[in-house]
Visitor: 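First the structure, then my questions, so here it is.
Note that the structure is predicted; figures quoted are calculated from it, not measured. Residue numbers begin at 1 in each chain, while the letters A, B, ... track the order of the sequences.
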Protein chains: 2
Amino acid sequence: MNKVLPVVENCASCPIRHRAVCARCDDDELEQLNQIKFYKTYAAGQTIAMRGDALDVVASVVAGTATLERAIEDGRTQLVGLLLPSDFIGRPGRDTLQYDVTAVTDVTLCCFQRKPFEALLTRIPHVQERLLEMALDELDAARDWMLLLGRKTAREKIASFLMLIAKRTVHPDGQVLGDTSRIELPISREAMANFLGLTIETVSRQFTGLRKDGVIALDGNRNVRIPDLETLLLESGDDSDGGPLI
Amino acid sequence: MNKVLPVVENCASCPIRHRAVCARCDDDELEQLNQIKFYKTYAAGQTIAMRGDALDVVASVVAGTATLERAIEDGRTQLVGLLLPSDFIGRPGRDTLQYDVTAVTDVTLCCFQRKPFEALLTRIPHVQERLLEMALDELDAARDWMLLLGRKTAREKIASFLMLIAKRTVHPDGQVLGDTSRIELPISREAMANFLGLTIETVSRQFTGLRKDGVIALDGNRNVRIPDLETLLLESGDDSDGGPLI
DNA sequence: ACCCTCCGTTGATCTGTGTCAATGCGCAGC
DNA sequence: GCTGCGCATTGACACAGATCAACGGAGGGT
């Protein structure tokens with residue numbers, strides 16, 4: 001518990017700068033951002049924030065994986081966001097959080113106090129613009145996700161999830177790769193079930209099914225090899241023309 | 001077909017101005033918006049735009065109901081957005097549309113050519129801010145919707161939908177009402193099925209079930225009376241603390 | 001080595017919702 | 001009035017995925 005986690009020095013060195021909030025800032029603007037930011041780390045399993053919490057910071061994920069969850073009292077839980085490096089948490093202009101945020105691996109956040117950040121937005125308009133762009137990207141992702149939840153079969157859901165992770169895999173050098181022949185699942189079977197609107201048993205059975213049919217190969221629980229990406233794409237029921245590989 | 005639809009003169013007279021993109025504009029700024037805008041009407045059933053279309057306008061819904069749909073080739077369709085008066089269509093910064101947009105009733109749109117609108121955004125920062133706010137509201141709505149699609153039963157889905165429509169009902173004078181004792185469904189059973197990730201048969205059966213249990217009363221196909229709102233809320237499986245009634 | 005816990009897998013069975021098919025109802029056109 | 005069409009309802013049945021239960025394997029603590 002509470003291991004010492006690596007600390008990142010500043011946004012300019014963020015491996016994910018090209019997608020993060022400061023993507024288009026010049027050195028001067030980065031300096032302004034640097035003055036109001038700080039890093040925070042959470043160990044795997046820790047709760048970062050809970051639904052209803054007053055939210056006085058906004059943040060970017062620098063490293064690790066976190067989840068956004070919505071739950072019903074009786075325990076049913078739906079993942080409503082998967083936060084990977086470069087994703088943004090929190091919303092300028094609203095001060096309570098609507099969801100539970102949990103670190104599923106060790107997570108490093110680049111945080112900004114909300115008030116000074118909002119003030120900064122008015123001075124650096126293209127950060128505002130970037131936020132809008134990110135929000136709309138997330139909205140698109142949420143809508144694809146809705147198609148998955150409402151209309152896809154269990155097998156298609158799993159295949160779609162694998163494609164999603166493959167596409168979003170970010171390598172240590174910051175490049176978003178199309179390397180989809182081997183992926184590492186960032187979350188447990190349970191989290192996947194909550195992501196896809198399934199039970200863990202069904203998730204497990206579908207993995208077995210895909211393995212038996214030669215669509216994927218499992219190497220431990222978290223490593224998936226994909227011999228033929230085309231086949232997996234077919235299984236996913238996706239007819240998207242690719243779209244941005246973000 | 002193609003009846004004469006009423007024309008709205010300018011944003012300032014929009015009945016829904018308080019929630020639309022120009023919510024916080026002063027007269028001078030409204031004038032700037034007026035110069036690049038125009039109105040367009042669509043008859044019920046018309047396609048407003050299709051997935052993949054080049055999108056050179058953005059728009060606000062002034063009157064009527066439209067849907068945003070995502071479909072798989074085999075015909076399975078999921079509604080990913082329900083556009084009611086004051087909702088915004090299109091995204092500054094991206095030039096193709098990801099979804100099919102259809103008018104389900106006669107619809108009046110307040111349109112802006114995208115390029116001049118984007119130029120205007122840089123001059124009127126609080127419109128940009130307003131767009132971000134609306135995008136984030138939509139994201140919140142999408143996430144609640146994901147919980148519904150992934151984890152709720154058919155009955156809960158119907159009850160949630162009724163609550164949603166009740167909350168969003170806008171009266172002609174522009175006031176968002178809490179009048180939830182009688183609502184008019186803006187969409188057909190089929191569209192509801194696509195909204196909720198169900199089949200029309202299941203939607204129908206759930207309506208019948210709720211009626212037989214005295215939770216709702218039906219007056220024709222599109223009119224629902226809700227004797228006791230608390231009961232319906234209970235059925236919806238929602239434990240949200242209300243949140244903004246938007 | 002042992003136990004224990006956590007996580008994932010597999011099996012047997014149940015059930016909510018989908019599927020297929022028939023029927024009902026309102027409304028427009030003639 | 002009748003007919004035809006679109007939409008909604010109802011019924012019988014099938015099946016995908018949930019539920020309940022047992023088991024397996026990896027890793028950590030002692």
Side-chain angles (χ1 to χ4, degrees), chain A residues 1-3 43-45 72 74-78 102 104-105 148-161 184-213 216-224 235 237, chain B residues 1 3 43-45 72 74-78 102 104-105 148-162 184-213 216-224 235 237:
Chain A
M1 275 307 101
N2 273 322
K3 333 170 188 179
I72 311 184
D74 62 14
R76 284 177 286 173
T77 300
Q78 175 68 46
T102 311
V104 293
T105 64
L148 177 149
L149 289 171
R151 292 303 187 201
K152 289 190 181 176
T153 65
R155 184 185 252 244
E156 288 170 337
K157 285 178 176 182
I158 299 288
S160 299
F161 179 73
E184 193 182 331
L185 301 174
I187 54 177
S188 68
R189 294 289 188 271
E190 188 186 4
M192 266 188 270
N194 288 337
F195 187 110
L196 300 170
L198 298 170
T199 58
I200 54 172
E201 292 94 331
T202 301
V203 171
S204 188
R205 278 186 250 271
Q206 295 303 329
F207 266 98
T208 307
L210 288 168
R211 182 167 49 73
K212 284 193 175 151
D213 295 349
I216 61 172
L218 289 172
D219 191 22
N221 284 330
R222 295 292 186 102
N223 273 292
V224 184
E235 295 279 355
Chain B
M1 270 311 95
K3 333 171 189 177
I72 311 184
D74 63 13
R76 283 176 287 172
T77 299
Q78 176 66 47
T102 312
V104 294
T105 65
L148 177 149
L149 289 172
R151 293 303 188 199
K152 288 190 181 174
T153 64
R155 182 182 253 242
E156 288 171 337
K157 285 178 176 183
I158 299 288
S160 300
F161 179 72
L162 292 176
E184 194 183 329
L185 301 175
I187 55 177
S188 68
R189 296 288 188 271
E190 187 185 4
M192 266 188 268
N194 288 336
F195 187 110
L196 301 170
L198 297 170
T199 58
I200 55 173
E201 292 94 333
T202 301
V203 170
S204 189
R205 279 187 252 270
Q206 296 304 329
F207 266 97
T208 306
L210 287 168
R211 183 168 48 73
K212 285 193 175 151
D213 295 349
I216 61 174
L218 289 171
D219 191 22
N221 284 330
R222 296 292 187 104
N223 273 292
V224 184
E235 295 279 355

Visitor: When you measure from the side chain of Arg151(A) to the backbone of Gln78(B), do you find a donor-acceptor pair of N or O atoms at a distance under 3.5 Å?
Guide: no
Visitor: To the nearest 0.5 Å, what is the distance between CD1 on Ile216(A) and CG on Leu210(A)?
Guide: 5.0 Å
Visitor: Could you give the CG-to-P distance, from Asp219(B) to dG26(C), as a whole number of Å?
Guide: 12 Å
Visitor: Generate the contact string for nucleotides 9-25 of chain D. Rules: B means base contact, S means sugar-phosphate contact only, - means no protein heavy atom under 4.0 Å.
Guide: BBBB----SSBB-----
Visitor: Suppose we screen for ring pair (Phe, Tyr, Trp, His ring centres under 6.0 Å). Which residues come up paired with Phe161(A), at least two apart in sequence or across chains?
Guide: Phe195(A)
Visitor: Taking CZ from Arg222(A) and P from dT9(C), how many angstroms apart are they, rounded to a whole number?
Guide: 11 Å
Visitor: Rounded to whole Å, how long is the line connecting atom CD1 of Ile158(A) with atom P of dT9(C)?
Guide: 10 Å
Visitor: Considering only residues two or more places apart or on different chains, which pairs with a residue in residues 201-212 of chain B satisfy salt bridge (Lys or Arg N to Asp or Glu O under 4.0 Å)?
Guide: none
Visitor: If you round to the nearest 0.5 Å, how far is CG of Leu185(B) from CG of Leu218(B)?
Guide: 8.0 Å
Visitor: Nearest whole Å is fine: how far is dA26(D) P from Asn223(A) CG?
Guide: 15 Å
Visitor: Any chance you could measure Lys157(B), atom NZ, to Lys152(B), atom NZ, to the nearest 0.5 Å?
Guide: 10.0 Å
